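These notes are about the structure you will find just below.
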Amino acid sequence: MRQTRRAGPTSSAPAPAKGRNSVSQAESWPHQEAQRILDRTKNLDQEIILQTGFGPSGFPHIGTFGEITRTTFVRLALTDLGAKNTRLIVFSDDMDGLRKVPLTFPAAMNEHLGKPLNEIPDPFGCCESYSGHMNGKLLEMLGRLGFDHEFRSSAQQYQSGVFNNGLKQILDRVDKVCEIILPTMSDQKRQGWSPFLPICESCRRLSTTRVTAYHPERCSVSYTCDGSVGAVNGCGHTGEGSILDGHAKVGWKTDWALRWYVYGVTYEMYGKDLIESANLSGKIVRALGGTPPVGYFFELFLDETGAKISKSVGKGVTVDSWLRYAPVESLALFMYRNPRRAKKLFLGAIPQYVDELLEEIEAHYGAAVPPGQRSTFGYLRPDAPASDPFVRGLRYGTLAELAGTVGTTDIEILSQYVKRGIGWPGGDDGAMKALISQAALYHREVLLPTKVAYTPAGEAERTAIGTLIDYLAQPNDPEEIQTRIFALAKESGMEAKDLFKSLYLVITGQERGPRLGGFITVLGRDKVREILTGALQAAGSR
RNA sequence: GGGCCGUUAGCUCAGCUGGUAGAGCAAGUGACUCUUAAUCACUGGGUCGGAGGUUCGAUCCCUCCACGGCUCACCA
């Protein structure tokens, strides 16, 4: 009789909110962005290059995920609009000099300050270099999430000579580049500034070298290694080095411009903190004779308190922690929602986004998507099968509460409850079970710790619990236990429902739960006695 | 200070090309009393930051103001 529930008027499935989840997404921001790009290229056959950047001086963070996800949305929209040749480049700045050792990393790394990241040993000892380790982490994430992309390592690109021509251009026009950058710098820093950062042939650092002369005819620069980074000083070496083949790189904004120029990047997103940098890089590309990409800036993520999430410190939510409690599509949905609005990214937001994801799935499979258009879920799961293998008609919060009520994270047990309770909502068992177990973990690790432990304060209540503890010392039939609890309530002058409520609160932290007799048996008498005793002690010691 | 972005119910967020606002959670009330498996029903709450303007009509367009954020202070 419950089977029809999903489709019936009393269905617990959330009714699709009007306007919120739509099948036709003609005005979705990725679509608009794609249109902006095509307005520029005007040609569906032209190669369109979308780029995102990664700084491997630390682990890939949620911002990296967001950038790649959002860029992928735009790429999908481009395809929908008929673009035939799109590529996504994920560029890793692994030739940057190490400026600061991350907090939790070995202090021994300090000796490598100023060296290119790809020349610093892996502190974890498993990869060929520090940045190699971080690149590996990034690729692992991208692989797991199924992002189609082309990975580029800055160091490899420089060394391979791909950038040589661009570097020559910069050297030839170094005055113009300086004209662009210098006015934005303080007077003190202007003198001696150069877009080039040669690697010192003696100590292998590039953050400590200072260019003293340009030699465009030889494609080289003269430099002195007398700068400092952190507590490390340059080695004092003076020499001349090629700017080609990875012997030097160019600094930040010039570097960005170089990539745009050499690859012919069509589109790139960045956080709004980089707007100014992007403007300057754009000017540099123009000075080189290139065209800056179509750009799009997005708002920064905030933590629960509204403060900006720091990239360097591990504050805030990581991709891994979100994925521990929710499917990746829910995080993708977070990224899909208005990127121009600062949003709070914290674990407490998970139920909302999972529920909205379920609604989007409902909408996606509930109505035919017109050709050439894409549902929201179609962005989140471009490879979504035609028939619906996904979970729907449920609420994440319900599942989490169920886990709390039943007091277990065991998938098989919880699955039985779900099947009997509301009927299996259809779809794939694996997806369903994954969601159940995620919700259960969420309850145990996120929800539960915020709840204040209930302490039985009433005299009658405590007497009853005390008696129950003794009673449970001996094995008894579940029905007998059940009956005994009612008797206990009567003996101590309590309403039965109050005693039940109290026991549920103590055992599961919630006001309701399964039939206690059987429940106690399932949990184990000893375990329950332990919990009850603990509660009495907590109450007594107040 | 200049530039840019934002400001929708207590909280987190939706609101397509302008037609007197929605969801979830939270809150409140009621129902189920040897039964109570994640419950059901109902309700409240917003002059859509403020003030003008355009319009028959604006949360959605324009201007100004307030508040918050980012950026101009070179770190790739």
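Lettering of chains follows the sequences in order, A, B, ..., and the numbering in each one begins at 1. Scope of the values below: all heavy atoms of this structure, side chains included, with no hydrogens, waters or symmetry mates. For clarity, every value in this text was computed on a predicted model and none was experimentally measured.
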Nearest-nucleotide check on RNA chain B, Thr184(A) vs Arg340(A); residue mapping nearer the 5' end is Arg340(A)
Can you tell which of A38(B), U71(B), U12(B) lies closest to the side chain of Thr398(A)?
-> A38(B)
Between atom CG in Leu280(A) and atom P in C72(B), what is the gap in whole Å?
-> 10 Å
Pair Asp93(A) + Lys249(A), salt bridge at N-O below 4.0 Å | no
Check the distance between A23(B)'s P and Leu358(A)'s CG and give it to me in whole angstrom.
-> 18 Å
Within 45° cone of Tyr296(A) ring axis and under 6.0 Å: Arg70(A) NZ or CZ = no
Could you check whether Val354(A) gets within reach of a base, just the sugar-phosphate, or nothing at all, counting any heavy atom under 4.0 Å?
-> nothing
Interatomic distance where CZ belongs to Phe298(A) and P belongs to U71(B) [whole Å] = 13 Å
When the C1' atoms of C13(B) and G6(B) are considered, how many whole Å apart are they?
-> 14 Å
In the structure shown, which nucleotide is the Watson-Crick or G-U wobble counterpart of U59(B), with both distances under 3.5 Å?
-> none
Using the C1' atom in both, what is the distance from C40(B) to U36(B), to the nearest Å?
-> 13 Å
Check every strand shown and say whether Lys343(A) touches a base, only sugar-phosphate, or nothing at a heavy-atom separation below 4.0 Å.
-> sugar-phosphate
What is the base-pairing partner of C4(B), counting Watson-Crick and G-U wobble geometry with both distances under 3.5 Å?
-> G69(B)
Earlier contact from the 5' end, RNA chain B, for Ala400(A) and Arg99(A) = Ala400(A)
Pairing nucleotide - U12(B), Watson-Crick or G-U, each distance under 3.5 Å | A23(B)
Taking the side chain of Ile275(A) as heavy atoms from C-beta outward, which of U12(B), C70(B), C4(B) is closest to it?
-> C4(B)
Flag this pair as yes if the NZ/CZ of Arg340(A) is under 6.0 angstrom from the six-membered ring centre of Phe297(A) and inside a 45 degree cone about the axis; otherwise no.
-> yes
Can you tell me how far P in U8(B) sits from the matching atom in G30(B), rounded to whole Å?
-> 33 Å
Atom C1', compared across U63(B) and A58(B): separation rounded to whole Å | 15 Å
Counting heavy atoms from C-beta on, name the nucleotide in C75(B), A14(B), U12(B) closest to the side chain of Asn338(A).
-> A14(B)
Do NZ/NE/NH1/NH2 and the carboxylate oxygens of Arg337(A) and Glu360(A) come within less than 4.0 Å?
-> yes
In whole angstroms, how far is the P atom of A38(B) from the OH atom of Tyr396(A)?
-> 20 Å
Can you name the one residue among Tyr379(A), Tyr353(A), Phe377(A) that meets ring pair (Phe, Tyr, Trp, His ring centres under 6.0 Å) with Tyr336(A)?
-> Tyr379(A)
Which of A14(B), G24(B), U71(B) is nearest the side chain of Arg337(A)? It is A14(B)
Starting at CD of Glu299(A) and ending at C1' of U12(B), how long is that distance when rounded to a whole Å?
-> 16 Å
Electrostatic pair Lys176(A):Glu179(A) at N-O distance under 4.0 angstrom | no
Atom CD of Glu360(A) and atom C1' of C16(B) are separated, to the nearest Å, by 14 Å
Nucleotide opposite U39(B) in a Watson-Crick or G-U pair, distances under 3.5 Å = A31(B)
Heavy-atom nearest pair, Phe334(A) first then Phe301(A), reads CE2-CE2, 3.7 Å
To the nearest Å, how far apart are Glu276(A) CD and A73(B) C1'?
-> 13 Å
Lys272(A) side chain near C5(B) phosphate (N/O to OP1/OP2, under 4.0 Å) = no
How would you label the contact of Leu197(A) with the nucleic acid (heavy atoms, under 4.0 Å): base, sugar-phosphate, or nothing?
-> sugar-phosphate
Between C5(B), G24(B), C75(B), spot the one nearest the side chain of Phe297(A), thanks.
-> C5(B)
Pairwise P distance, U59(B) and A51(B) [rounded to whole Å] = 12 Å
Go ahead and name the base partner of U17(B); Watson-Crick or wobble counts if both distances stay under 3.5 Å, otherwise write none.
-> none
Could you tell me the separation between the CG atom of Leu274(A) and the C1' atom of G3(B), rounded to a whole number of Å?
-> 16 Å
What distance, rounded to whole Å, do you find between the two C1' atoms, one in C61(B) and one in G22(B)?
-> 23 Å
